[in-house]
Trainee: 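I am attaching a structure below and will ask some questions about it afterwards.
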There are 2 protein chains.
Amino acid sequence: MAKDVEQTIIDAAIRLFSEKGYAATSIRDIANSIDMTSASLYYYIKNKKDLLNLIMNRYLTLLINNANETIAAVEDDDPSDKLKALINNHVQNHGFNKLAALVVDTEYRSLEGEHKAHVKKLRSEYEQIWLDVLEEGKAAQIFSYENAKITSFAMINLCTGVAHWYREDGALSIQNIAEEYTMLGLKMVLA
Amino acid sequence: MAKDVEQTIIDAAIRLFSEKGYAATSIRDIANSIDMTSASLYYYIKNKKDLLNLIMNRYLTLLINNANETIAAVEDDDPSDKLKALINNHVQNHGFNKLAALVVDTEYRSLEGEHKAHVKKLRSEYEQIWLDVLEEGKAAQIFSYENAKITSFAMINLCTGVAHWYREDGALSIQNIAEEYTMLGLKMVLA
DNA sequence: GTCTATACGTCGATAGAC
DNA sequence: GTCTATCGACGTATAGAC
């Protein structure tokens, strides 16, 4: 059963970290929200820092793996289709794992030392995927923009924003939103 | 001299809140960073909550006022020019007052009660400015998009992202970045 | 595995001397 | 205006019983 309890703890941490922020959430908050004492919680986790690190690593890695898979699945190697796939993947990810995505996007400053360095590396890795697609499209004269780095940051920021306002019980499904973002994002760079 | 000290405190708070976050910053941190004791700090401020509220209100109000002014200055009432003005204003604002902008954008969850409600109202007010321009452009068949609300959120998220990666000592001036974002943003909605 | 009890640091905020 | 000293609450984390 240890595996289930661990996931329950992680989910509770994600919920509270995304709501109140890492620093404002206490170990007691997390434990009490799943009817545990803080002492019991320490049977499953090493400390608070590692809990945040685990969450950020897991969901950032998932985002990267999904991005690589969805790009590899593009049949004709068309940069437009690749960019669509990246936008769609990012928006869907930020919809389905909204709370975890919020933690990943807002708690980078709460990391320290090697944990921070590693997450920084993962971020660069993810940005590079977008950069490659954008530059491939420009070389093929399908895309048009001034600065690749600015444009990749702009595209990622655009898609990340979804997690800040998307509501599961809202009128718009995450599929609808992903479609609209795909259109908006593609128009942004099409020649 | 009281006025100067107050601004010094606010600037120190902005720096630390943007670096470590509101919850992770102590009153002692703020005081010590300007060679004061925490007890002296309380001569100038009422409490920690009010300090955050003051910062968020001041810079959000500034953003709104600048947005209204820059729109009013558009001569021919062209929606494209208005949208360009909004994008330019938002990006320049997030460049010049980068640290304050980061606090405004990331510490909404740290507000409580009436403070939170008021900032929420200010946010809606700002979003409405963008919505009006987008809908005016669509009515004039200059813009083309599916959902106005999604599009306005997308445009604002896009421009807000600048504060997360812009460096004053970087190769790109905030003017360059604002110009590029104006282009990208406009292309996103042009018919 | 889960608990009670607790060590020990730091927090926001105040009292009162100077 | 600025300080030292301090209060009571709450933070992370551990010890040790069951």
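Computed over heavy atoms, backbone and side chain alike; hydrogens, waters and symmetry mates excluded. Quick caveat: nothing in here was measured; it's all calculated off a predicted structure. The chains referred to below are lettered A, B, ... by the order of the sequence lines, with proteins before strands, and numbering in each begins at 1.
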Trainee: In whole Å, what is the span from the NZ atom of K49(A) to the C1' atom of dG11(D)?
Mentor: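 K49(A) atom NZ is separated from dG11(D) atom C1' by 13 Å.
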Trainee: Looking at dA13(C), dC3(C), dT4(D), which one has an atom nearest to any side-chain atom of S40(A)?
Mentor: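 Nucleotide nearest to S40(A)'s side chain: dC3(C).
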Trainee: Above 12 or not: heavy atoms from other molecules or residues under 6.0 Å from CD of E146(A)?
Mentor: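 No.
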Trainee: Figure out the OH/P separation between Y43(A) and dG1(C), and round it to whole Å.
Mentor: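 Taking atom P of dG1(C) as the reference, OH of Y43(A) is at 4 Å.
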Trainee: Between atom OH in Y44(A) and atom C1' in dC3(C), what is the gap in whole Å?
Mentor: 13 Å
Trainee: In whole Å, what is the span from the CE atom of M36(B) to the C1' atom of dT4(D)?
Mentor: 16 Å
Trainee: Do D11(A) and Q7(A) have side-chain atoms, one donor and one acceptor, less than 3.5 Å apart?
Mentor: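 Side chains of D11(A) and Q7(A): pair found under 3.5 Å.
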Trainee: What distance separates Y126(A) OH from N65(A) CG, expressed to the nearest 0.5 Å?
Mentor: 11.5 Å
Trainee: Just how far, in rounded Å, is C1' of dT12(D) from NZ of K48(A)?
Mentor: 8 Å
Trainee: Nearest whole Å is fine: how far is dG1(C) P from I34(A) CD1?
Mentor: 14 Å
Trainee: Would you find more than 12 non-hydrogen atoms of other residues, nucleotides or ligands less than 6.0 Å from K49(A) atom NZ?
Mentor: no
Trainee: Please work out if T37(B) contacts a base, only the sugar-phosphate, or nothing of the nucleic acid, heavy-atom cut-off 4.0 Å.
Mentor: base
Trainee: Any N or O donor-acceptor pair under 3.5 Å from the base of dT10(C) to the side chain of R28(B)?
Mentor: no
Trainee: Go through dC11(C), dT4(D), dC3(C) for me and flag the one nearest to the A39(B) side chain.
Mentor: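 Closest nucleotide to the A39(B) side chain: dT4(D).
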Trainee: In whole Å, I'd like the distance from the NZ atom of K20(B) to the P atom of dT10(C).
Mentor: 12 Å
Trainee: What is the distance from CD of E6(B) to P of dT2(D), rounded to the nearest Å?
Mentor: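 Taking atom P of dT2(D) as the reference, CD of E6(B) is at 13 Å.
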